[in-house]
Amino acid sequence: MKDSSRQEEANAILKNNALAVAKAFPDQTFSVRATVEAVNLKRVTVSYRGSAASGSGGEERFFYTNTLDLDTMENLGLSDFTDAYTVAGYIVSGDYKLSDAAGNEEGIRSELNASDRTVQYYYNKLKAADFSAGGEGWPEIFSYEKQGVVYVSLPVSQAAGGYVLIHYSPDNK
């Protein structure tokens, strides 16, 4: 960025969001790897993958993202990329592609398509996705957009990998 004060502001927001996991789960030890997924003059998207170890010795995989609008210095979220209700329908249809699935794909699909997982169920969760949703606590779902494809992390059991990424191309639906 040409304006160093704007760059400092962007870096402070990104740092705050990167460290938010430690504030949300204070009694755990974390290992986190950040990846810049996309960057241009208008926004930067960073994903964070890692694991958390609790005092009881268990370890859980986690994933979260942050997309920052570099003009407004605001966090962007799913509603800035696509419609949450459409994505909820897409998930329920089972017509999604999986990314970063650490577990058995059949088991993951079984969890995601359980009978209680309706369009309304996913819609309610997707409305509260990302840091931009302004909700209390840690969002269960994170999303980002990269080259026209929207990626959404969905929680699954730790046996199935803790989370899975689905990807959705709004132009194809």
Side-chain angles (χ1 to χ4, degrees), residues 10-39 43-68 75-78 81-82 84 87-88 90-92 94-118 121-147 149-168:
N11 286 336
I13 293 168
L14 290 168
K15 179 181 178 181
N16 184 55
N17 288 336
L19 296 175
V21 70
K23 294 174 188 168
F25 305 101
D27 298 330
Q28 296 182 344
T29 303
F30 297 92
S31 170
V32 181
R33 187 186 77 221
T35 303
V36 175
E37 297 289 348
V39 64
R43 63 173 68 155
V44 61
T45 300
V46 182
S47 68
Y48 307 89
R49 288 172 173 79
S51 59
S54 62
S56 62
E59 188 167 291
E60 298 181 3
R61 276 179 12 118
F62 62 84
F63 175 87
Y64 60 106
T65 62
N66 182 212
T67 300
L68 181 63
N75 291 312
L76 299 177
L78 185 64
F81 314 131
T82 191
V87 175
Y90 178 68
I91 296 167
V92 170
D95 188 30
Y96 48 80
K97 293 185 173 137
L98 297 176
S99 299
D100 205 6
N104 171 321
E105 184 171 332
E106 186 177 315
I108 291 170
R109 286 184 179 276
S110 178
E111 277 190 46
L112 295 178
N113 297 331
S115 61
D116 64 332
R117 306 284 176 99
T118 63
Y121 169 88
Y122 282 114
Y123 177 62
N124 289 339
K125 293 201 174 285
L126 291 165
K127 287 190 306 187
D130 300 301
F131 291 122
S132 66
E136 294 298 315
W138 184 256
E140 272 188 275
I141 295 174
F142 287 91
S143 67
Y144 68 97
E145 182 269 335
K146 182 178 180 180
Q147 297 179 338
V149 177
V150 177
Y151 295 83
V152 178
S153 69
L154 298 174
V156 295
S157 68
Q158 284 303 314
Y163 72 89
V164 66
L165 290 178
I166 63 159
H167 43 111
Y168 163 72

| note | Those residues at least two apart in sequence (or on a different chain) that pass side-chain hydrogen bond (donor to acceptor under 3.5 Å, both in side chains) with N11 are none
| field | Short side-chain to backbone donor-acceptor contact, D130 and S143, under 3.5 Å | value | yes
| field | For F63, ring-ring contact (aromatic ring centres under 6.0 Å, His included) partners two or more places apart | value | Y163
| request: Using side chain to side chain contact (heavy atoms under 4.5 Å, CB included) as the criterion, list what pairs up with V44, not counting sequence neighbours. | output: L14, V36, V39, V46, L68, L70
| request: Quick one: list whatever passes salt bridge (Lys or Arg N to Asp or Glu O under 4.0 Å) with R49, sequence neighbours left out. | output: E37, D100
| message | Going by side-chain hydrogen bond (donor to acceptor under 3.5 Å, both in side chains), name the residues that satisfy it together with K15, two or more places apart in sequence or in a different chain. | response | none
| S31: what forms a side chain to side chain contact (heavy atoms under 4.5 Å, CB included) with it, not counting sequence neighbours? | S51
| said: Closer than 3.5 angstrom, by distance alone: can the side chain of Y151 be matched with the main-chain N or O of F142 as a donor-acceptor pair? | reply: no
| Which residues pass the ring-ring contact (aromatic ring centres under 6.0 Å, His included) test with F81, sequence neighbours left out? | none
| Which residues satisfy the side chain to side chain contact (heavy atoms under 4.5 Å, CB included) test with Y121, sequence neighbours excluded? | R117, T118, K125
| Sequence neighbours excluded, which residues qualify as side-chain hydrogen bond (donor to acceptor under 3.5 Å, both in side chains) partners of T67? | T45
| request: Keeping the roles fixed (side chain from Q158, backbone from R61), state whether a donor-acceptor pair exists under 3.5 Å. | output: yes
| message | Just to verify, what does E111 make a side-chain hydrogen bond (donor to acceptor under 3.5 Å, both in side chains) with, not counting sequence neighbours? | response | S157
| message | Just to verify, what does Y96 make a ring-ring contact (aromatic ring centres under 6.0 Å, His included) with, not counting sequence neighbours? | response | none
| request: Please identify each residue that fulfils side chain to side chain contact (heavy atoms under 4.5 Å, CB included) with S110, with sequence neighbours left out. | output: none
